[in-house]
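Note that ligands are numbered from 1 as they come in the structure, with each ligand's atoms numbered from 1 the same way. These numbers come from a predicted model, not from an experiment.
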Amino acid sequence: MSIPKPLYADYIQQRIRTVPDWPQPGVQFRDITPLLQDPKTFRLLVDTFVHRYMDMQIDLVAGVDARGFILGSVVAYELNLGFVPIRKKGKLPYLTEAEEYELEYGSATVEIHADACKPGDRVLLVDDLVATGGTMIAAARLLQRLGATVVEAAAIVDLPELGGSRLIAGQGIELYTICDFAGH
Ligand SMILES: O=P(O)(O)OC[C@H]1O[C@H](OP(=O)(O)OP(=O)(O)O)[C@H](O)[C@@H]1O
Ligand SMILES: Nc1ncnc2[nH]cnc12
């Protein structure tokens, strides 16, 4: 059964700006900065996630570098939980686990501190957007390698035509998004 759309999904979606041909021709960039800038939509956005997760016995919230930090840390704070940053390669100072993933062109690596969570932890994974799904899957693999259970992956936006949400589901990871956009 699919998860019903949250009450304010349209209100939130209307405040996401589309910038054509950025960062390269053909890409429709879904810019969440207007959503964050407006205090009412920012609060609605955070509250939407808090309402969804407040009864799910989450132990920890993990957010993906960089836009996943903005949302994930506030959601963690509101849920009275700790926050774990999953960072791009070379930024974390202590012992790390790393996972490489494919981008549209080339590859990238995300890292997590080896002691960021412990076996059995129930983790909520947060990013702003799912496109090809590579980032979310790599982040989930890092958490799983440390023995955590990814209770759900959550994002504001899904771009279903890029196939990421299907890939994430294919990995057995539950995905919750507030709105989706056609096209890239
Ligand atoms: O589903 P995918 O194809 O993996 O794409 C989604 C990722 O792309 C964007 O981050 P980006 O890599 O542009 O980094 P940034 O947050 O530093 O801008 C976005 O914030 C997601 O993390
Ligand atoms: N179209 C898009 N808009 C915003 N962030 C993205 N990350 C990958 N594709 C994106």
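Protein residues having a heavy atom under 4.0 Å from any atom of ligand 1 are Asp65, Ala66, Arg67, Lys88, Asp127, Asp128, Leu129, Val130, Ala131, Thr132, Gly133, Gly134, Thr135, listed by chain and number.
The ligand atoms of ligand 2 that sit less than 4.0 angstrom from a heavy atom of Ala131 are 8 (C), 9 (N). For ligand 2, the atoms closer than 4.0 angstrom to any heavy atom of Arg67 are 4 (C), 5 (N).
In this structure, CZ on Phe69 lies 12.5 Å from CG on Leu71, to the nearest 0.5 angstrom.
Residue-level proximity to ligand 2 for Asp31 is absent, since no heavy atom of it falls below 4.0 angstrom.
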Side-chain atoms of residues 135-150: list all donor-acceptor pairs with protein atoms under 3.5 Å, sequence neighbours left out, distances to 0.1 Å.
residue : atom : partner : partner atom : Å
Arg141  : NH2  : Gln171  : OE1          : 3.3
Arg145  : NH1  : Glu97   : OE1          : 2.7
Arg145  : NH1  : Ala98   : O            : 3.3
Arg145  : NH2  : Ala98   : O            : 2.7
Arg145  : NH2  : Glu99   : OE1          : 2.4

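Sorted by first then second residue, the salt bridge (charged side-chain N to carboxylate O under 4.0 Å, His left out) pairs that include residues 45-72, not counting sequence neighbours, are Arg52-Glu152, Asp65-Arg87, Arg67-Asp128. Within the structure, ring-ring contact (aromatic ring centres under 6.0 Å, His included) pairs that include any residue of residues 119-139 do not occur (at least two apart or interchain).
Ring orientation note: the planes of Tyr11 and Tyr8 are nearly perpendicular, at an angle over 60° on the 30°/60° scale.
Side-chain atoms of Asp121 come within 3.5 Å of backbone atoms of Lys118 as a donor-acceptor pair (strictly under, hydrogens ignored).
No more than 12 heavy atoms of other residues, nucleotides or ligands shown are found within 6.0 angstrom of CD on Gln37.
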